[in-house]
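Dumping the structure here so I can ask a few things about it.
Below, chain A is the first sequence line, B the second, and so on; all start at residue 1.
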Amino acid sequence: MPELPEVETIARGVNKRIRGDRIAHVWFDRHPQPFKTPRTRQAKGLEGAAILAVHRTGKHIVFELSSSGSAPNAFESGALKPDSHERKALRPDSHERKALRPDSQWIVHLGMTGRLLVTTPESPVAPHTHARLTLASGRELRFVDPRRFGRLEFRDLRRGDAFGAPGDEPLTIGANEFAALFRGRRLYIKAALLNQTLLAGVGNIYADESLFHAEIRPRRRANRVTRAELDRLRLALRQILTHAIRLGGSSVSDYVDADGARGFFQLEHCVYLRTGQPCRRCQTPIRRVVVAGRGTHFCPKCQR
DNA sequence: CATTTCACCTGGTGGC
DNA sequence: TGCCACCAGGTGAAAT
């Protein structure tokens, strides 16, 4: 479901809750699709691992794990109750953190409809729950994904297998590097924005919204977009993505963060899913076409 | 090689 | 109410 702002929101939420916790037990369902790494190897790698940090790369959520020198965990000694405000004591302090290096990673891609939820074990298990990770604190991390386009992957860093998104991060890329991405490419600019090997994290919503704000038609050929327009596009992307993160992402249908809370950026969409409605700037009806196999929304007057 | 299309899934919506 | 077509935030394999 999610693009960069939604994935960032979820990764931050999960990190805040379970950083410093430990994976005590893993349950996976029988559907094979989500498991990029075989289910058994994945379970073996995860069980017992300490969660050092959770962060986002492109549209992927990366769990940094330490399976060998497991993190000191106050729950195991029974010194702490899992639900209290004392949870913060779980986080390794700076001195401890320095000593702990991740030796493996768990990579979660949410596909179209995936969710990661931190729950209590008693909370009812939603349909299409494919993974339940019982944590040492007693809570659970659940992966729910009706359409099963999401993927789970385990990487052993001792085999030099670190995860890296192929594309550049749209929030940090410089103007020259950004312009270079599109040089000599004849595909539609919209298709180029969706290509994760060029930019990592832009999906259908933010491609349409950024093209609107940069006043570029989605069907322009990437190599025919001028440098000035590309500069506008880069800034529009950065601004929109940053703003959307601040609002907790776009909740188009059922997107929720790790707490089950909805985002608010959908209220500010100018073109996405607004077919036939008046453009917020010029009142011209928004049009929908199909580009790169995806519904594509634009203002025929504002975007050239 | 670059680019486009299609298959993979379930669920919600709106027309008849 | 039921049935059907169409739509949906993603990606990678196959075809062109």
Got a salt bridge between A:R155 and A:E153, using NZ or NE/NH1/NH2 to carboxylate O under 4.0 Å?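 Salt bridge: yes.
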Does A:R185 have a side-chain nitrogen or oxygen under 4.0 Å from the phosphate oxygens OP1 or OP2 of B:dA2? no
What nucleic acid atoms does A:Y272 come within less than 4.0 Å of, heavy atoms only: base, sugar-phosphate, or nothing? sugar-phosphate
If the sugar-phosphate is the primed atoms plus P, OP1 and OP2 and the base is the rest, what is the B/S/- string for nucleotides 6-13 of chain B, using protein heavy atoms under 4.0 Å? --BBBS--
With the side chain defined as heavy atoms from C-beta on, A:R294 is closest, among B:dT4, C:dG12, C:dT11, to C:dT11
Whole angstrom value for the distance that separates P of B:dT3 from CG of A:L198: 9 Å
Now, which nucleotide makes the Watson-Crick or G-U wobble pair with B:dC9, with each of the two distances under 3.5 Å?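 B:dC9 is unpaired by these criteria.
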For A:N195 and B:dT4, give me the distance from atom CG to atom P, rounded to whole Å.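 Rounding to the nearest Å, CG of A:N195 and P of B:dT4 are 11 Å apart.
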Taking the six-membered ring of A:F212 as reference, does the NZ or CZ atom of A:R281 fall below 6.0 Å from its centre and within a 45° cone about the axis?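 Judged by the rule (NZ or CZ under 6.0 Å from the ring centre, within 45° of its axis), A:R281 counts as positioned above A:F212.
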So, A:E268 and A:H243: side-chain donor and acceptor under 3.5 Å apart, yes or no?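 Distance-only check passes for A:E268 and A:H243.
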Provide, to the nearest angstrom, the distance between the CZ atom belonging to A:R221 and the P atom belonging to B:dA2. 16 Å
Nearest whole angstrom, please: distance from the P of C:dG10 to the CG of A:L152.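 A:L152 atom CG is separated from C:dG10 atom P by 18 Å.
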Decide, yes or no, whether a salt bridge links A:E177 with A:R234 under the criterion of side-chain N to carboxylate O below 4.0 Å.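 A:R234 and A:E177: not salt-bridged.
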So A:D259 and A:R17, salt bridge (charged side-chain N to carboxylate O under 4.0 Å, His left out) or not? Walk me through it. CA-CA 10 Å; A:D259 278 330; A:R17 274 165 205 77; 2.2 Å; yes
Length of the CG-P vector between A:L181 and B:dT3, whole Å: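 Going from CG in A:L181 over to P in B:dT3 covers 13 Å.
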Among C:dT11, B:dT4, C:dA8, the nucleotide that comes nearest once only the side chain of A:Q196 is considered: C:dT11
Please tell me whether A:D21 and A:S137 have a donor and an acceptor in their side chains that are separated by less than 3.5 angstrom.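 A:D21 vs A:S137: donor-acceptor pair found between side chains.
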Determine: side-chain N/O of A:K59 to OP1/OP2 of C:dT11, distance under 4.0 Å, yes or no.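 For C:dT11, OP1 or OP2 has a side-chain N or O of A:K59 closer than 4.0 Å.
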Which whole number of Å gives the distance between the P atom of B:dC9 and that of C:dC3?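 That atom pair is separated by 24 Å.
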In sequence, state the C-alpha distance, the side-chain angles, and the governing distance for A:N176 and A:R227, and then conclude on side chain to side chain contact (heavy atoms under 4.5 Å, CB included). CA-CA 9 Å; A:N176 293 334; A:R227 173 61 190 249; 2.9 Å; yes
Rounding to a whole Å, what distance do you find between A:Y188:OH and B:dT3:C1'?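 Nearest whole value for this atom pair: 11 Å.
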Whole angstroms only, please: what is the CD-P distance between A:E153 and C:dT11?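 These atoms are roughly 14 Å apart.
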Rounded to whole angstroms, how far apart are CD1 on A:I189 and C1' on B:dT3? 15 Å
